[in-house]
Amino acid sequence: MVIKYNEYNLLFQHPFTISKGTKTHQPTFVAELEFFGIKGYGEAPAISYYNISVQKMIEDLERKKQFVEKFAFSDPERYWHYLHHLFPMNPFLVCALDMAAWDLYGKLKGKSLRILWNLDDSKIPVTDYTIGIDTIEKMVEKMKEKPWPVYKIKVGVPNDVAMVRELRKHTDAIFRVDVNEGWTLEEALEKIPLLKDLGVELVEQPLAKENWDGMKVLFAASLLPLFADESCVAEADVEKCTGYFHGINIKLTKCSGITPARRMIAQAKALNMKVMIGCMNESSIGTAAIGQLAPLVDYVDMDGPLLLAEDIATGVGFDFGKICYNDLPGLGVNVNPL
Ligand code: MG
């Protein structure tokens with residue numbers, strides 16, 4: 001196998017703000033795996049609060065590149081195990097390589113991953129569209145700019161209930177909120193009933209990721225389903241979330257790729273938890289991988305490319321929240337060779 005990679009700094013349409021800060025660009029790492037002339041692509045955006053930069057992905061890969069390339073590739077699951085042991089501290093890099101391996105595998109078989117996995121395309125959740133934190137006027141403006149059936153509203157600031165109240169005046173769409181760890185238990189107990197009255201269907205990561213005592217109380221009292229994001233990073237976290245959250249938000253980058261994500265989906269379902277699959281801020285490459293997994297989950301959050309002013313791949317389409325697939329094999333994206 002031959003590996004190439006590139007780094008990009010993707011520009012947002014609007015500066016993107018969540019409870020943890022604002023960014024104007026998204027740095028991202030793209031890997032290309034070539035095997036007998038066929039090329040597969042994978043992506044891992046850098047996320048500062050997980051402390052892995054694109055530079056760190058490049059450094060780790062450069063150090064062990066010969067091992068990544070010399071693996072006798074037969075299937076992505078075996079490859080993931082190999083990568084996981086090569087880079088135990090860098091799930092982001094493993095994600096990009098695992099995703100590229102799945103894209104390659106699909107292309108070698110001439111089929112989309114959904115077809116290879118025998119998934120039922122008839123009941124795929126629509127994807128939400130994210131409204132980042134801004135002045136209330138700007139948030140209303142951004143929402144009106146993008147008529148959509150489901151919005152994920154970033155909250156976790158003092159006036160967030162007022163934001164949702166104002167947004168509600170302008171649409172009947174489904175709302176979900178993502179607090180990104182921004183509330184105390186007291187705030188959560190006070191705000192969740194108000195948000196329920198405003199037609200919010202679920203709350204993502206209300207409390208700090210390590211606040212399990214707070215989550216226990218909130219789980220018992222909450223009028224809305226609670227989803228773990230920052231509290232559910234890797235496979236071992238799924239079981240920890242039972243009794244604290246009603247569901248989990250799986251992200252390929254933090255869990256280290258498609259291979260562990262499929263196991264996490266199965267595990268969460270076995271534990272009677274709901275599953276959301278979510279994107280980071282990322283291009284159509286990473287988002288296409290989410291699209292392939294979408295038939296397996298209850299909620300989809302794959303609007304990454306919609307928030308960008310520029311993309312590095314094509315092939316991911318939406319029709320008012322509905323994911324539009326093409327006939328391409330693997331992930332189903334067109335990427336210019338690196
Ligand atoms: Mg989240």
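Note that ligands are numbered from 1 as they come in the structure, with each ligand's atoms numbered from 1 the same way.
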Open item on the list: Salt bridge or not between D60 and R63? Use side-chain N to carboxylate O under 4.0 Å.
Closed with: yes
TODO: Give a yes or no on whether the backbone of F219 and the side-chain of S222 come within a donor-acceptor separation of less than 3.5 Å.
DONE: no
Task: Counterpart residues, salt bridge (charged side-chain N to carboxylate O under 4.0 Å, His left out), relative to E230 (two or more places apart) - done: K20
Task: Any D178 side-chain heavy atom under 4.5 Å of V155 side chain - done: no
- [ ] Please identify each residue that fulfils ring-ring contact (aromatic ring centres under 6.0 Å, His included) with Y325, with sequence neighbours left out.
- [x] none
Task: Sequence neighbours excluded - side-chain hydrogen bond (donor to acceptor under 3.5 Å, both in side chains) pairs with any residue from residues 72-83 - done: S74-R78, E77-R262, W80-S256
TODO: Provide the protein N, O or S atoms situated under 2.8 Å from the Mg ion (ligand 1); waters are not included.
DONE: D178 OD2, E204 OE2, D229 OD2
